[in-house]
Amino acid sequence: MAKKLMLIIMMGIMVLCLTSCQNPGQIHRPNADTLYVGSVQASFPTAYMPWLSREGIAPTIAGMLYDSLFSYDEDTGNFVPSIGQEWYYVDQAGEPILTEDGSIDYARLEEVYSDPSHKYLAVKVIIHDNITWSDGKPLTVEDVYYSLDIATNNLLSNHAGALAWTSDLRHKYTNGVLTQRGLFTYEHGAREQGYEIAEEDKDTVIYLHVNKVLGSVMPLFTSVLILPKHIWEPVVTPQNQLNSAAPTEETLYRYRYPVGSGQFVLDTEESGSQQIVLRRRTDYHRTKEDGSPLYNIETIKYVLYQEINVAIYALLKGHIDVLDNSVSSNYLQLFEKEKDLFISNAPGTYIQTLVLNVNPVSSEQNPIRDLLSIKDFRRAIALAVNQEDLIKNVLNGAGIPASSGLMRSTLPDFYNPDADYLPIDYQARVAEANAILDTIVPDRDKDGYRLLNGERITFSILGSPGEQDCISYLEIQFQKIGIKVNYAAKGTQPESTYLYTSRFDMTLHGVSFSLSNIDIMYNAHFSALGRTSNYGRLVNRELDTLIENMRFTLNLNTKYDLIKAIQPILAEEYYKIPLYTSNVISVARTDRFIGYNIVEGSTVLNTSTLQNLKKSNVSR
Amino acid sequence: MKNTYVIKRIFYSLFVFVVVITLNFFIPRIGVVDPAERYYPPQGNMSEIEYEIIKQVTRKQYGFDVSTWQQYLNYLQGLSKGDLGKSFRPGSPAVIDLIVERLPWTLVLSVSTLLIGLIIGVMFGVVAATKRGRWQDTLLLNASTIMVAIPGFFIALMLSFYLGFELEVFPAYTDSNMVANFDWSLAAIRTVAYNAALPVLSMAVGSIIGHAQGTRNAVIAVTNEDFILTAKAKGLKQNTIRYKHILRNSMLPIVTSLGMSISGLIGGQVVIEQVFNWNGMGTLFLEANNTNDYPLMMGIMLLLSGFTILAILITDLVYVLLDPRVTVGDKR
Amino acid sequence: MKKKLPIHHGMARGIEKRLKNTGLFIKRIWSHKQGKIGLTMVGFLVVVAIFAPYIAPFNPYDVAERTTKGLPPSSKHLLGTTINTGQDIFSMLVYGTRVSLIVGVTSGICIAIVGSILGVAAGYIGGLVDSLVMRIVDIMLVIPTLPLVIVLTNVLGRDYWTIILIFVALGWTGLARTIRSLVLVLKNSNYVKAAELAGASRWHIMIRHILPGTSHLLIMSTALSSAGIMVAEAGLSFLGLGDPTAISWGKMLAEAQRGGALLFGAWWWILTPGIGIFLAVFSFMRLGIVMEEIMNPRMQRSSGVYKVFKNLNSAYVEEVFNSMDDYAKIGVTPAFEHGKGEVTHETGLKA
């Protein structure tokens, strides 16, 4: 009896196991018109208020659901129309400052605004007149006004990011009261300011007053995603702010069912914490020249993976079309064996640098660290870095050497080859480095390491676990000049990395300079002290002056010249020593879609790809 | 006597719970200078003054602008209303919502592991105990010694490698469609079973052996007791003794281990969920930890501790109420 | 105040004898078939750990000794090289023994020290000390261990000494509780009473009489908790929360998984650290179980294994105690004891 019972239970379990053993017909990529995109993230957002999101995939999604005024083209240095159609600097009367051929007349700009009594630059933006929100309502300059206005009004928005984006906009609130007007539309004070806007242009023209810096329009145009006024105005109050930490039901509803002006809309039915489904809008205002939709793909489905290997496996097995993450160059040899794969080995935009703590605060000074404040000592360290070797070993060859001026050589307008004056031959470099060090710290111990007051000169390089490999190879290179370095783990929190408190010897830091960020970044990296990216607290008056001039010049040509002049000085400081520029490697499958484009600094899923992608002829 | 004990036990559990709440609140805050800084790290373009403003804004938004003590009181006040707080994620979803979304998926794994472990384990245990010293018992002993020394996540990795990657019998990872398209249809349930097979299998091995050993020991302990010997002496049938007396009396220790293992399973599942990309509480906790989302971390820890306290309380009370041999005395 | 105490009773004599015969104890383990296996394996691991630089063909910590990434096993690289760094896997395995053993054994010993001190103090001094220690134990018991460890490593740091500290801070509770229960019994034994009557100081009694009575429990606990900590350390490293600079088996597993060993089919990279963990845990556990069998012959076989399962709930040593001959209780103690209104020991002490 008991045995029978046991047998029955056993049978039951067996049956259960067998039923679950069978593949219940999981079909991958069922929809032929959908692009299945894998994304490795901690989690997917469930709120789509575009300003809230700073991490992971959220900015990408926000950028597809919402548009900014313009986007910036790094290659041409121009703003590409998006919501905005055209823009120009204007004089006091609102007349454009343009040359005959319609480009910005910098000479006149400088002339008009050189008078220090002019506190601002005036900018006129004309937006497209045929844009609609995804709920069908038209998008007008009132939406633009509302977005920029609320970004500065910290009683209503209190949004940390928005405050940073609009810091150059001369439109200021104090405790919820508008104290300085810097935005002008037909309905908001344009006439009083002396800007005539014709009745028929009242929905498309807006004037902005910005700080007298060429770069000040950049974040306003490209970072601020424009919000629909008719959606947000009714619910936003000082008690229920735009980015409230305790949103009301109404606000939450608006977070979850976004109304945007972008080329895609969110399929709220299908989307969740595991996948995000975006559908192409039929009434998007921008199209290809022949009038067909800008993007060929009707539906994009993002699928969440927690682990990169799982995502790669899914791609190889054909569960997804594209992987929207860059992968380590170690995987190249795996991909090369596979069929139907498109490997995008795109040149990178980030220069990995070794940052030296050249000027620690007095409480963090010690004799060994003091060596780093000697410029010749730093030169020796810079000489000992062998970029070719790092690229070969750390990146498996998937990278290019970086300029000592920290500018990418792919940006010919800015790149100054004069910054690269250190000898190329590595043997010669090491010899020179040793010669320099022999004059500063000649003593060596039995292992060949240099000694300072009888103590081995040892530096810790702060890095994340992923950077450990790179630091290991630096260890070998610095061994050649008798300097010992070792890896020290960077904490996961900013305050525990000690970067801002100068409690480090060296660290790794990726930098990327281009015209779009140079106004902010040169200052933040090499001039400003405090909580900036100038971790090593470099102080160089000459450099500071050049950077200031570069920021404040109203002549773009002068600006270019100054950027070129800054690079050799940066190189000579040996403060952020370039290590390499790593390629961005990503993969896609070609069995369903073809036409992937490789874009510098981007994965295979980029706007250019989205515009070109078409179904593969090979039917499956 | 028993009633006072029960009331005392309940109050004591409450006391423990309050202490645990307090610890959960303060431990993640050790060594944190300024939570605002952690939540909104400075960006390259900010001046000191700008950053200060932004930090103030962030502090106020997330309630860090008051003293830690006041934050603690606010937290307690929220808890008393059943509010676990809002996550730091964009859109400030309620912690309880995030947990409720993930909990069922974790329970799918824990409960099926527990059931399989219990059913097969108890069966093995009884067999081993009755065949004490014979090959069945030796087999169990040897299997136990070997399996217990292999970490669960290693079993998981190996299963995922051979059955998932190489043989492709089961999915090597969980497909996100499973969660997104779940609708209680038979096909959806089968998909879940298909995806859950490997994670459950990797945890069930340990669970089976744990329960088998527990049962075996309990059964042997009971077999040696007086009343069983009496029953034997009375000449009752072997099977009657085995199933009516021994197994029933062995149930209590089994129940105890059950209570403890529920919360242990949920907490210990972190690594297994990670291996199989399973979207449960374990991954949620790691996400919260990686993004310094204190409210979420506190919420999960609180839930798990709450489970444990409840399990212990219930087991203890069941003991006192059911087992006549346990007497309760107050030495004071 | 030091004073040789007259030995009056059999039990006291027994304990005295036990103390003197620690050497004999090891001999007894050796004469046990399973014990011999355990001791041999532990000895082997210790030898590997000490002589790692001589056994391993490469020094995995030395970057200069890295080679081509992702080599398959060959005569030069017995287990090939890693895909992400080009380190020799066999050498990593050998060096990994050091970290695993150091973390495991150090934590095990520290847990024994902390657990015995607090347990003896709680049991013998009683009163406020007792309540305090037992309340802490109760509270620690309900907080989920792994999540707590994750939070603590995040907050306190990840170097190995911190990790050992965290393991000890969370691991002592089960042992302390068991020791306390044992002390409660020892306290009422005649020889302790005799020592008290003879005017021996509390410290003297605790160190000279009570602690030796718990010594075997401590040795066994050290072996078993070392095994448990090794598994826990591997799990922690696997989640990427271990010491980033050290090479441990857990970290090797994590790197293998993150480096794509499964995708590349490099099974040897994943399998071998797993075997390492298994061997270490298995041998320490064997030792622990054999010790228990020697001390507690009535239980015999297999029960120890079950206890290791409960390791992370820190309840297993208590069960060993519960099942020991002299103090066997009927039934099982409620999972946590409620101060003094607890299940009385007297009920269990019938012959």
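The chains referred to below are lettered A, B, ... by the order of the sequence lines, with proteins before strands, and numbering in each begins at 1. Keep in mind that this is a model prediction, so the values were computed, not measured.
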*Close side-chain approach of C:Leu262 and B:Ser160, heavy atoms under 4.5 Å*: yes

*Would you say the side chain of C:Ile150 lies within less than 4.5 Å of the side chain of B:Met297, judging by non-hydrogen atoms?*
no

_Heavy-atom pairs under 4.5 Å with chain C: which of B:Ala288, B:Ala212, B:Ser305 has the most?_
B:Ser305

Which atoms of [X] come close to chain C, meaning under 4.5 Å heavy atom to heavy atom: side chain ones, backbone ones, both, or neither?
| X | result |
| --- | --- |
| B:Met301 | both |
| B:Ile155 | neither |
| B:Phe17 | neither |
| B:Leu23 | side chain |
| B:Phe161 | both |

Atom [atom1] of [X] with >12 non-hydrogen neighbours under 6.0 angstrom:
| X | atom1 | result |
| --- | --- | --- |
| B:Tyr162 | OH | yes |
| C:Trp267 | CH2 | no |
| B:Phe11 | CZ | no |

Using non-hydrogen atoms only, which part of [X] is less than 4.5 Å away from chain B: side chain, backbone, both, or neither?
| X | value |
| --- | --- |
| C:Phe278 | both |
| C:Leu239 | side chain |
| C:Leu152 | side chain |

*Among C:Ile277, C:Val231, C:Leu271, which one satisfies side chain to side chain contact (heavy atoms under 4.5 Å, CB included) with B:Phe154?*
C:Leu271

*Count the heavy-atom pairs under 4.5 Å between each of C:Ile270, C:Ile275, C:Leu263 and chain B, then report the option with the highest count.*
C:Ile270

*Taking it one step at a time, do C:Phe282 and B:Ile150 satisfy side-chain contact (heavy atoms from CB on, under 4.5 Å)?*
CA-CA 8 Å; C:Phe282 182 79; B:Ile150 307 178; over 6 Å; no

*Would you name the heavy atoms of C:Arg135 and B:Phe15 that are closest together and state the gap between them?*
CD-CE2, 3.9 Å

*Calculate, to the nearest 0.5 Å, the distance between atoms CG and CZ belonging to B:Leu157 and C:Phe238 respectively.*
4.0 Å

_For C:Gln257 and B:Phe153: C-alpha separation, side-chain torsions, deciding distance, then whether side-chain contact (heavy atoms from CB on, under 4.5 Å) applies._
CA-CA 11 Å; C:Gln257 202 222 1; B:Phe153 66 88; over 6 Å; no

